[in-house]
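All heavy atoms count here, side chains included; hydrogens, waters and symmetry mates do not.
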Amino acid sequence: MKYQQDRAWMEISLDAIEENYRRICGFIGPDRQIMAVIPLGFADGIRRSIAGQVPFLLHGKRVPILGKICMDYTTLDVTDIPEAQEGDVVTVFGEDGGLSFQSYELAACYPGSVGELTSILSPRIPRFYTRKGKIVGRLDE
């Protein structure tokens, strides 16, 4: 802070702003990056500790988590997926387009068991039951 007679002011450094944002939010990306926000966060049972370790799946491709997982949403980097659009299904664990990321792989990042992982998922996340690849039932809150 600088003073001059009866005035006080601060010189703002963009480097300082960027560093504070990185410290608080955990991420500052390049100029031309496409991000997607999904309505899934730590209030839904997805622990913040997996950010940066675990990719989600979209259109058969791995998409990294950007920054920190928030209470009700998570931000993903979809720059390399030009077909991504609102309403697409993001797979947290399971299979998508020939790629898979299974619940036991996600549980290993917590650490914890698959049983713990699936039991802490919020009831506001619908459960789909499948048989031979087809949805045969759904359980919502």
Side-chain angles (χ1 to χ4, degrees), residues 1-4 6-141:
M1 183 160 307
K2 296 183 178 185
Y3 296 92
Q4 181 180 9
D6 293 334
R7 251 175 64 188
W9 75 91
M10 290 181 68
E11 290 181 3
I12 297 174
S13 162
L14 292 179
D15 291 334
I17 291 172
E18 188 173 296
E19 184 54 38
N20 282 333
Y21 185 83
R22 184 177 286 111
R23 182 178 53 78
I24 294 167
C25 300
F27 174 77
I28 293 200
D31 293 338
R32 305 258 177 194
Q33 189 166 37
I34 301 170
M35 296 184 251
V37 177
I38 60 170
L40 182 73
F42 62 79
D44 299 302
I46 301 299
R47 293 190 181 162
R48 297 179 82 191
S49 61
I50 68 165
Q53 297 183 62
V54 173
F56 291 166
L57 304 175
L58 175 63
H59 291 290
K61 298 177 185 169
R62 296 179 187 275
V63 289
I65 296 170
L66 297 177
K68 297 179 180 175
I69 294 174
C70 300
M71 182 168 69
D72 289 319
Y73 67 91
T74 300
T75 306
L76 305 175
D77 179 359
V78 296
T79 305
D80 297 330
I81 306 175
E83 64 273 22
Q85 58 185 316
E86 185 176 343
D88 284 348
V89 173
V90 172
T91 303
V92 176
F93 55 86
E95 295 183 11
D96 183 355
L99 280 181
S100 71
F101 188 78
Q102 299 302 321
S103 55
Y104 66 87
E105 294 175 276
L106 184 58
C109 295
Y110 274 50
S113 69
V114 173
E116 288 174 274
L117 167 66
T118 56
S119 69
I120 63 169
L121 293 176
S122 167
R124 69 184 185 177
I125 300 172
R127 272 68 167 171
F128 294 90
Y129 299 93
T130 62
R131 182 175 293 131
K132 297 182 181 175
K134 297 190 184 222
I135 296 173
V136 295
R138 178 179 173 157
L139 178 66
D140 290 277
E141 183 178 39

### Query
When rounded to the nearest 0.5 angstrom, what distance separates CE in M35 from CG in L66?
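Spacing of CE (M35) from CG (L66) equals 6.5 Å.
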Specify the closest pair of heavy atoms between [X] and [Y], including all atoms of both residues, with the distance to one decimal.
X: A36; Y: V78; answer: CB-CG1, 3.8 Å
X: D72; Y: A43; answer: OD1-CB, 3.8 Å
X: R48; Y: I69; answer: NE-O, 3.0 Å
X: E116; Y: S113; answer: OE1-N, 2.8 Å
X: Y129; Y: R138; answer: CD1-N, 4.3 Å
X: E95; Y: S100; answer: CG-CB, 3.6 Å

### Query
Does the side-chain contact (heavy atoms from CB on, under 4.5 Å) test come out yes or no for R47 and I120, once each step is laid out?
CA-CA 10 Å; R47 293 190 181 162; I120 63 169; 4.0 Å; yes
Would you say the side chain of [Y] lies within less than 4.5 Å of the side chain of [X], judging by non-hydrogen atoms?
X: T91; Y: F101; value: no
X: F56; Y: L76; value: yes
X: T130; Y: V136; value: no
X: T75; Y: K68; value: no
X: L117; Y: F93; value: yes
X: V63; Y: L57; value: no

### Task
Inspect the contact between E83 and K61 and indicate whether a charged nitrogen and a carboxylate oxygen are less than 4.0 angstrom apart.
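Judged by the 4.0 Å cut-off on N to carboxylate O distance, K61 and E83 do form a salt bridge.
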### Task
Could you tell me whether D80 and R62 make a salt bridge, using a distance below 4.0 angstrom between a side-chain N and a carboxylate O?
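Not counted as a salt bridge, because no side-chain N and carboxylate O are separated by less than 4.0 Å.
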Any donor-acceptor pair under 3.5 Å linking the side chain of [X] with the backbone of [Y]?
X: T74; Y: I38; answer: no
X: S122; Y: R124; answer: yes
X: D44; Y: I46; answer: no

### Message
Looking at F128, I want to see if its CZ is surrounded by more than 12 non-hydrogen atoms of other residues, nucleotides or ligands under 6.0 Å.
### Response
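Correct, the count exceeds 12.
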### Query
Are H59 and D96 close enough that a side-chain donor and a side-chain acceptor fall under 3.5 Å?
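No, no side-chain donor-acceptor contact under 3.5 Å.
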